[in-house]
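Letters A, B, ... are given to chains in the order of the sequence lines, protein chains preceding strands, and every chain is numbered from 1. If you're wondering where the values come from, they're calculated on a predicted model, not measured in any experiment.
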Number of protein chains: 2
Amino acid sequence: MEDLCLKNTLRLLQSADQIKARLSGDFSSVHGLSVNEVFLLMHLEQAPLHRLSRVELAKRMHVSASTVTRMAAPLEKIGVVARQADSRDARLAFVVLTQTGLERVAEARMTFAKQAGYVFRDRWTDEDLCQLSDLLHRLIADAPGDLT
Amino acid sequence: MEDLCLKNTLRLLQSADQIKARLSGDFSSVHGLSVNEVFLLMHLEQAPLHRLSRVELAKRMHVSASTVTRMAAPLEKIGVVARQADSRDARLAFVVLTQTGLERVAEARMTFAKQAGYVFRDRWTDEDLCQLSDLLHRLIADAPGDLT
DNA sequence: CCGAATCGCTTGCGCATGCAAGTTGTTTGC
DNA sequence: GCAAACAACTTGCATGCGCAAGCGATTCGG
């Protein structure tokens, strides 16, 4: 029982490392964005009003708040996100997706899907993929920020 | 079809980030080893003679060769691995698990399994776990270095 | 054989990230 | 109301990592 959990956890982490290694290469060269930057944009995309506070973004991305601060700066500079204050709480500094950002994330999703296709190749049936999708969904169902 | 691949890839990466975030906390405080260091030791553990060359280790861990060099140094210092030369090829510098290292990785595996158990809690049946295990195995089957 | 290409490993450098401390703004307890 | 606790964000510092360059060792082509 516990051994099965261990096996699954190990395989999950190894699969993720493998996939991340494959993606990191082909990605930044295409869109000028890193994988993590695209993930940040995707989180904004699926959020109401296309915006999130920095701490909320940090929670959903499983990174520290300082990382969000530093990731957002260059993204503002290239105009894919903007900073937005809250009239009720002056501490809040929302990160909001711009129109340009929306277009960029749509493009990035395309190449992401293409690469994802290579990962599963042709040996996977739709049924396999649905099964895996359902199982993985149960792992992230309770946490906020599912990008699918 | 491609959307299913995309969905699975996103969920896989998100699940892995989530699990890694949970593990990183409870781990180094217990064994004085980081998650990645334990992974390195596990790769050695399942290798013939409990040893691997640095480049082979790099491939299996999906990191660069320089990372292996720098990870091995402190592990040598605390005595869980040792450096071993090859009589045939003087370029090779194997990383070999010591007796102490064997014990340490066994301990680490225990707490790893414990944490893995928390990840899946009690809502997962053995059948679910086997299904997920099989599916994930297909993702890493072609690459060397499966730790399970 | 000998030079050139290749390989395994290490090192310098830059970038990304977490942690802790600091700043500013808000909420709570009295 | 006011002080103390708390929250959101930023910044300094240390660490970990990839890339490219460098160095010794091996292999290959002639």
Side-chain angles (χ1 to χ4, degrees), chain A residues 13 16-18 20-29 32-41 44 47 51-78 81-96, chain B residues 13 16-18 20-29 32-41 44 47 51-78 81-96:
Chain A
L13 293 179
D17 280 345
Q18 182 178 312
K20 213 179 253 180
R22 290 183 59 165
L23 288 178
S24 299
D26 318 275
F27 220 82
S28 64
S29 51
L33 296 172
S34 73
V35 177
N36 283 342
E37 286 174 330
V38 173
F39 266 75
L40 189 152
L41 299 182
L44 295 179
R51 71 176 200 180
L52 286 171
S53 78
R54 279 154 155 77
V55 288
E56 187 57 34
L57 205 41
K59 279 179 198 162
R60 300 195 182 190
M61 298 184 66
H62 302 290
V63 298
S64 71
S66 50
T67 298
V68 174
T69 292
R70 290 181 172 111
M71 285 186 72
L75 293 176
E76 274 186 41
K77 216 161 203 95
I78 64 175
V81 305
R83 170 183 291 254
Q84 196 175 67
D86 186 319
S87 52
R88 305 297 186 85
D89 191 336
R91 292 171 305 179
L92 288 172
F94 287 108
V95 185
V96 54
Chain B
L13 293 179
D17 280 346
Q18 181 179 311
K20 213 180 253 180
R22 289 183 59 166
L23 288 178
S24 299
D26 318 275
F27 219 76
S28 64
S29 52
L33 297 171
S34 73
V35 177
N36 284 343
E37 286 174 329
V38 172
F39 267 74
L40 188 152
L41 298 182
L44 295 179
R51 69 175 202 182
L52 287 170
S53 78
R54 277 151 156 81
V55 288
E56 187 57 34
L57 205 41
K59 280 179 197 160
R60 300 195 182 191
M61 298 185 65
H62 303 291
V63 298
S64 70
S66 48
T67 297
V68 174
T69 292
R70 291 181 172 110
M71 283 184 73
L75 292 176
E76 274 186 41
K77 218 163 201 89
I78 64 175
V81 304
R83 167 183 293 254
Q84 196 175 69
D86 187 319
S87 53
R88 305 297 185 84
D89 191 336
R91 294 171 302 179
L92 288 171
F94 288 107
V95 185
V96 54

Contacts under 3.5 Å, N or O only, protein and nucleotides 14-21 of chain C:
residue: C:dT17; atom: OP1; partner: A:Asn36; partner atom: ND2; Å: 2.9
residue: C:dG18; atom: OP2; partner: A:Ser64; partner atom: N; Å: 3.0
residue: C:dG18; atom: OP2; partner: A:Ser64; partner atom: OG; Å: 2.8
residue: C:dG18; atom: OP2; partner: A:Thr67; partner atom: OG1; Å: 2.1
residue: C:dG18; atom: O6; partner: A:Arg70; partner atom: NH1; Å: 3.2
residue: C:dC19; atom: N4; partner: A:Ser66; partner atom: OG; Å: 3.0

Would you call A:Asp89 and A:Arg91 a salt bridge, using N to O less than 4.0 angstrom? yes

Contacted region of DNA chain D by chain A, from 5' end to 3' end of the hits, cut-off under 4.0 Å to heavy atoms, spans D:dA7 to D:dC13

| Beyond-backbone contact of A:Arg54 with A:Arg83, side-chain heavy atoms, under 4.5 angstrom | yes

Discussion item. Go through it in stages, so that I can follow the logic: the residues are B:Lys20 and A:Asp17, the test is side chain to side chain contact (heavy atoms under 4.5 Å, CB included), and I'd like the CA-CA distance, side-chain angles, deciding distance and then a yes or no.
Written reply: CA-CA 11 Å; B:Lys20 213 180 253 180; A:Asp17 280 345; 3.4 Å; yes

Rounded to the nearest 0.5 Å, the NZ atom of B:Lys59 sits from the CE atom of B:Met61 at a distance of 15.0 Å

Please list, one pair per line, the donor and acceptor atoms closer than 3.5 Å that link side chains of residues 33-41 of chain B to other protein atoms, with sequence neighbours excluded.
residue: B:Ser34; atom: OG; partner: B:Glu37; partner atom: N; Å: 3.2
residue: B:Glu37; atom: OE1; partner: B:Ser34; partner atom: N; Å: 2.8

- Query: Does a side-chain heavy-atom distance below 4.5 Å link A:Leu57 with A:Val63?
  - Reply: no

Terminal axes of the helix from C:dC1-D:dG30 to C:dC30-D:dG1 (5 end pairs apiece), angle rounded to 10 degrees, sit apart by 30°

What residues 82-94 of chain B contributes to the DNA chain D interface at heavy-atom separation below 4.0 Å is B:Arg88, B:Asp89, B:Ala90, B:Arg91

Pair up each side-chain donor or acceptor in residues 65-74 of chain A with any protein partner under 3.5 Å, not counting sequence neighbours, and list the distances.
residue: A:Ser66; atom: OG; partner: A:Ser64; partner atom: OG; Å: 3.0
residue: A:Thr67; atom: OG1; partner: A:Ser64; partner atom: OG; Å: 3.1
residue: A:Thr69; atom: OG1; partner: A:Ala65; partner atom: O; Å: 3.4

All heavy atoms of A:Leu44 vs all of A:Val95, minimum pair found to be CD2-O, 3.3 Å

- Message: Using a 4.0 Å heavy-atom cut-off, does A:Ser34 contact any base of the nucleic acid, only the sugar-phosphate backbone, or nothing at all?
- Response: nothing

Value for CG (A:Asp86) from CZ (A:Arg51), rounded to nearest 0.5 Å, stands at 6.5 Å

Are B:Leu23 and A:Leu13 side-chain neighbours, meaning at least one heavy-atom pair lies under 4.5 Å? yes

